[in-house]
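Heads up: the structure comes next, in structure tokens.
Every heavy atom of this structure was used, including side-chain atoms; hydrogens, water molecules and symmetry mates were not.
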Amino acid sequence: MAGYSGKIGEFDSMSETWPSYVERLEHFFCANKVGNDQKRDALLARVGKETFGLLQALVAPTKLKDKMVDKLVETLRVH
């Protein structure tokens with residue numbers, strides 16, 4: 001996205017662990033001064049369709065927009 005420093009690609013479990021991805025994402029948020037209110041949406045926009053679908057299934061029937069970013073991160077960590 002224009003205006004951001006650095007780039008965060010989709011999460012790929014074949015090349016990176018979830019904790020490593022989350023740590024890189026936290027640095028991306030910090031470097032770009034992404035506020036707490038935008039972190040969930042930034043995460044969901046970047047994780048990729050496979051991880052997005054998995055998260056939808058794991059939190060159903062709750063909608064992803066109704067979860068805090070830390071809960072989504074923890075849900076995937078536990079999974």
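The CZ atom of Arg46 sits 7.5 Å away from the CG atom of Leu25 when rounded to the nearest 0.5 Å.
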**Request:** Quick one: do Leu44 and Leu55 satisfy side-chain contact (heavy atoms from CB on, under 4.5 Å)? Show the steps, please.
**Result:** CA-CA 9 Å; Leu44 293 173; Leu55 263 173; 3.9 Å; yes

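In this structure Asn32 satisfies the side chain to side chain donor-acceptor pair (under 3.5 Å) test with no other residue, sequence neighbours excluded. For Glu23, there are no salt bridge (Lys or Arg N to Asp or Glu O under 4.0 Å) partners, not counting sequence neighbours. Applying the side chain to side chain donor-acceptor pair (under 3.5 Å) criterion to Asn36, with sequence neighbours excluded, gives Lys39. Applying the side chain to side chain donor-acceptor pair (under 3.5 Å) rule to Ser5 yields no partners; only residues at least two apart in sequence or on another chain are considered. A search for side chain to side chain donor-acceptor pair (under 3.5 Å) contacts involving Thr17 returns nothing, not counting sequence neighbours.
Checked by atom type and distance alone, the side chain of Glu16 never pairs as donor or acceptor with a backbone atom of Ser13 at under 3.5 Å.
The list of ring-ring contact (aromatic ring centres under 6.0 Å, His included) pairs with a residue in residues 20-77, not counting sequence neighbours, reads Tyr4-Phe28, Phe11-Tyr21, Trp18-Tyr21. Sorted by first and then second residue, the salt bridge (charged side-chain N to carboxylate O under 4.0 Å, His left out) pairs involving residues 62-75 (not counting sequence neighbours) are Glu74-Arg77. The stretch residues 48-62 participates, sequence neighbours left out, in no side-chain hydrogen bond (donor to acceptor under 3.5 Å, both in side chains) pair at all.
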